[in-house]
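Atoms considered below: every heavy atom in the structure, side chains included; atoms not considered: hydrogens, waters and symmetry mates. Source: prediction; values computed, not measured.
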Amino acid sequence: MTAPSPTLTTAEIREKFLSFFESKGHLRLPSASTISPDPTTLFTVAGMQPFKAQFMGAPARFEQGANKRVTTAQKCLRVGDIENVGRTLRHCSLLEMLGNFSFGDYFKRESLTWAWEFLTDPEWMGLDGSKLYATIYEDDEEAYDIWTKEIGLPADHVLRFGADENFWPADAPKEGPNGPCGPCSEIFYDRGPKYGDDTWAEYADTRESARFLEIWNNVFPQYDRQEPGADGTPTLIDLPFKNIDTGMGLERIATVVQDVYDFYSNDVFGPIVARVAELSGHAYEGPQNVSHRVVAEHVRSVSMVIADGSTPGNTGSGYVIRKILRRASRHAYLLGLREPTLYRLVPLVVESMGDAYPELRTEQARVEAMIKSEEERFLKTLEGGIQRVNQSISALIFRKIADPEINEATEEFKNDLYGSGTNTHTIQYYYNTSSEDWRLLNKILDGRLENLLTNFEEQDIKRREIEGGIRFMHFDSQMSPQMEVKPVNREAPMLLSGEEAFILYDTYGFPVDLTKEIAEEYGVSVDEAGYAESLENAQNIARAGSKYGKSELFGAQEALEDLPQTQFVGYDDLEADGKVLALMVGGERIEHLSAGDEATVVLSQTPFYAEGGGEVGDTGRLEWEGGAGMVRDTRKTPGGVFLHDVAVESGELKPGQSVRGVVSGERHATQRHHTATHLLHAALRAVLGSGVRQAGSLVAPDRLRFDFSHGAAMTVDEIADVERLVSRWVSANFPVTWQEMPIAEARAAGATALFGEKYGDTVRVVRVGGDVSYEGQAVASMELCGGAHVSRTGDIGAFVLLSDENVAAGVRRIEALAGEAATEWLRERLQQMARVSAMLNTNPDGLEGRVAGLQIQVKAAEKEMVAVRRQLAEAQMGGGSGAASPVRELGGFKVASLKLSGIEGNELRGAADKLLDQSEADIVVIAGDKGLVVKATKDAVARGAHAGQLVGKLAAAGGGKGGGRPDMAQAGITDAGAALLALDTAF
RNA sequence: GGGGGCUUAGCUCAGCGGGAGAGCAUCCGCUUUGCAAGCGGAGGGUCUGGGGUUCGAAUCCCCAAGCCUCCA
């Protein structure tokens, strides 16, 4: 046997696989998108996933033709154990599955013998057959015989495993789910003793080996699992047709064929890893090489998913992309890369995979731009987080080294400043506000702070962080009035609380492993148990918040499994007759409805549009012989059964009865909004560029909402341009037509399809029968769409954009109105403007000038009032001589008091300052008509004066309340005379 | 869909119930002058918007907007 050829590249292996199976009569299909159209999974996770329908018995017809045998290289995204990617040498988030599938055509014999042929024939992989091993399901004698008798594999190369390993889905016989399932047979390759000295027999126990690498799984879905009997015995009945579903991991076979140690040394990852090393200056070696792998692997998967049309965001698949991207960005950061770097690796991905996945090439610019902007955003987040981490950590360090000192120091300090009796709050206030005091404090602490400072890197943020630390510490001790600080054990390890670490992560997006990393540099560790606990709490809250809402439809689907698809006739007719096929309440089928009941009704044929494609479900009425009901909403199951939510008003309803459905007139408004949505979409792409991609849509009778990917808020001009474009379509009054056609034809004609949307082989295309021009270019609207539309664009009537807002990073949301809703809105705006104009004695044209003038006037008037009040106060104070306010001796203080009228707020305080300055007094009291201000000199405060307490007593006498600091306080009063009189008894 | 956080001078932010602040930037002056800089001063604010609580709100509560972030 020949040695594995080291010259085969990953691309060559992929190509060989596909052409091998083409030579065996298979149809080669392109990979489906990584973004799954199946609502139950976010991403495509297996090669067979795009063929679920065919495995269930749907006809094997595809865009490229009909064939019961197909072969694909399917890109799959598996994010379940993403934290292992990079830590191990074999986990990948993106992997390519080479698969051959049979829909009721060939079975086990062909599957296994072809696999053998492909792996061992020198024309294909040319692997040494004696190094191949297989596992089978415990009692699958058919597979055993094929392996040993037909292929000639020695019996000791075959192991039998139970349903946990060799059944698909795993453990299906006992655990379910119901549906197609079957045994499987896995093929292994012995990579030789240099990867381990274990034996194949030992693999039966260990089930983990670097030497014996699983490369190919052949699944034989031959059973249909039924609900187990009462005794719990699983029931597996033979499927009428037996399928073949195989998957070979391209990364795995490439590792074997290229005989390299791990995935990251193959021809796809190797160059990326090398480039990471080059850019970061860190060679691919040592424990740090985890980061190289994470970066290389994640860049590949993120590039692919973005090329498939997803955008990083904070919901659904977008959120997963963001998580992967951030994990990569974080590891780039750990390698010392402080500038966006990942996007510079994209060309390497495109180079090695762009031929097999052309979307990588066509979308390259968008992929790079998106990754770059996401990296920039994340680096900003990291910077902010680092500041906060440093602050928390400095608080810990500070407490450890300086606690006893600061306690003594502040006593001394306090005496220095205010004498005794100063409270914590004052000290804290003091530290925070004065940098001079900071220096003094540092001096008292014997330069210790400066030493601490030099431990931090960034000069200009250091002090703020340490100050933050002090503040932090004071908050802790603030409950004790005399600054008692908890005793410190200098030997105890410093521990950052788990809650703190979680807040950093949850609120500021700062990854906990970075927190740990930074903390360790300062000898601080993180309480991981506490962190885990906080995380779990938060998750429970999130789950509880969003658990209702979807179970009902799934329940309905099961209860209605036997029903045919509903005939929908509502594109043209808003009234139609149908037969009642089923009645349902709370997921249970019932046989009878009477007046007052609310239930779900299924009809054979209906004019009611079911919620879908963003368009809301129709409302209206059901009428029948002797009764009637209101249709409140219409939805449909994934299987195409329409569900009418009906409230019966009169009469009785039973299955089999004939009813007439009448759709509400609101449907016309909905149709206007739907066609307008298409025009809006086309206009946005024309005005903002083809980067615009629909990200969500709501079409209702009263409004439309359209989410799309776009980096920035729209400018006023752009909004106007979009509106103008739509209006041009409307006034041209083009016909709107729709027709069904094969999807290939629709795509060839250039119809806009949505990413992640599932389309059958025939699709409905809605086309506006005319172009409008924008900047010399013809703009057309043609979309795949199942919704209801107007028949001419003129039916839309007025169109107005209400708002452009941000719903997630990179996603904008537009709300707009069409038809009467738009005219109503415009009329209301105009009336409003007319009212405002009238209030200002001007007309709409003069409105702006008028308001600007008023603003200036108000500002000038305010300034003038301040000046006037100040003058008034000075005049009443006797021209600043202090003559109007004799100083009295009260309680050991020199007190000056004064009553001013027509003065308040700021000027009252200003007057108090002036008086304190000009008179001999230690304490001044100024009373206005409604307010009272007391100020005391530093010296008086040190001797025990307290403006806050004094003002309280005076205010009580003056019919009010108040308070403040020892040196400054104010109050609101109603009787200034009484307040001043109370001075005599206040001390 | 559900949480958390932020929004204060041109920029970065502190203040979190009692006089709107710092650093940087800008302008002016002084000093020095090879440059960097140093010293002093000034201008610059609807404290995101709107309600409420309070004698008093940038600060507390409610609503809204924008931005950041975590989860489902």
With a 4.5 Å cut-off on side-chain heavy atoms, are A:Leu983 and A:Val895 touching? yes

Among B:rC70, B:rG5, B:rA72, which nucleotide has an atom closest to any side-chain atom of A:Gln539? B:rA72

Which residue in the set A:Ile923, A:Asp922, A:Thr937 passes side chain to side chain contact (heavy atoms under 4.5 Å, CB included) when paired with A:Leu916? A:Thr937

What does A:Gly960 touch in the nucleic acid at a heavy-atom separation under 4.0 angstrom: a base, only the sugar-phosphate, or nothing? nothing

Output one line per pair: protein atom, nucleotide atom from nucleotides 47-54 of chain B, and distance, for all N/O pairs under 3.5 Å.
none

In whole angstrom, give me the gap between the C1' atoms of B:rG40 and B:rG45. 24 Å

Does a sphere of radius 6.0 Å around CD in A:Glu83 hold more than 12 heavy atoms from other residues, nucleotides or ligands, not counting ones at 6.0 Å or beyond? yes

Atom pair distance, as rounded to whole Å: CG in A:Leu382 and C1' in B:rU69: 12 Å

As a test of understanding, state which of A:Ile926, A:Val925, A:Val924 forms a side chain to side chain contact (heavy atoms under 4.5 Å, CB included) with A:Leu898. A:Ile926

Take the protein atom NZ of A:Lys323 and the nucleotide atom C1' of B:rU69, then report the distance between them rounded to whole Å. 13 Å

Which residue, A:Arg326 or A:Gly972, contacts RNA chain B at a nucleotide closer to its 5' end, judged by nearest heavy atom? A:Gly972

Between B:rA20, B:rA72, B:rC70, which nucleotide gets closest to the side-chain atoms of A:Arg909? B:rA20

Looking only at atom P, what distance separates B:rC47 and B:rA42, rounded to whole Å? 22 Å

Between B:rG3 and B:rA20, how many Å separate the two C1' atoms, rounded to a whole number? 33 Å

Inter-nucleotide C1' distance (B:rG2, B:rC61), Å rounded: 22 Å

How many whole angstroms separate atom CD of A:Glu500 from atom P of B:rG5? 14 Å

Tell me the interatomic distance from A:Ile503, atom CD1, to B:rG3, atom P, rounded to whole angstroms. 18 Å

Using whole Å, what does the distance between atom P of nucleotide B:rC55 and atom CG of A:Leu908 come to? 18 Å

Describe the nucleic acid contact of A:Thr381 in one word from base, sugar-phosphate, nothing, applying a heavy-atom distance below 4.0 Å. sugar-phosphate

A:Arg322 side chain: which of B:rU69, B:rG5, B:rA72 is closest? B:rU69

Using a strict cut-off of less than 4.0 Å between a Lys/Arg side-chain nitrogen and an Asp/Glu carboxylate oxygen, indicate whether A:Arg326 and A:Glu375 qualify as a salt bridge. no

Specify the closest pair of heavy atoms between A:Val699 and A:Ser697, including all atoms of both residues, with the distance to one decimal. CG2-OG, 4.0 Å

Between A:Arg338 and A:Tyr333, is NZ or CZ placed under 6.0 angstrom from the six-membered ring centre and within 45° of the ring axis? yes

Out of B:rC70, B:rG5, B:rA72, whichever nucleotide has its closest atom nearest the side chain of A:Asp506: B:rC70

Taking atom C1' of B:rG3 as reference, at what distance in whole Å does atom CG of A:Asn540 sit? 12 Å

Counting only Watson-Crick or G-U wobble pairs whose two distances fall under 3.5 Å, which nucleotide matches B:rC6? B:rG66

With heavy atoms under 4.0 Å as the rule, sort A:Lys930 into base, sugar-phosphate or nothing. nothing

Given B:rU69, B:rG5, B:rG18, the nucleotide with the shortest approach to the side chain of A:Met968: B:rG18

Determine the Euclidean distance between corresponding P atoms of B:rU32 and B:rC39; express it in Å to zero decimal places. 15 Å

When you match A:Ala538 and A:Tyr508 each to their closest nucleotide on RNA chain B, which lands nearer the 5' end? A:Tyr508

With rounding to whole Å, what would you report as the distance between B:rA14 and B:rA58 at their C1' atoms? 12 Å

Tell me the interatomic distance from A:Glu533, atom CD, to B:rC70, atom P, rounded to whole angstroms. 22 Å

If we call it a pair only when both distances are under 3.5 Å in a Watson-Crick or G-U wobble match, what pairs with B:rU26? B:rA42

Write down the distance separating the P atoms in B:rC63 and B:rG38, rounded off to the nearest Å. 48 Å

How far, in whole Å, is B:rA57 from B:rA64 if one measures between their P atoms? 24 Å

Figure out the CD1/C1' separation between A:Ile973 and B:rG56, and round it to whole Å. 13 Å

Between A:Ala538 and A:Phe502 the two heavy atoms that sit nearest each other are CB-CZ, 3.5 Å

Is the closest side-chain heavy-atom distance between A:Val512 and A:Tyr531 below 4.5 Å? yes

Can you tell me the base-pairing partner of B:rC55? Count Watson-Crick or G-U wobble geometry only, both distances below 3.5 Å, and say none if there is no partner. B:rG18

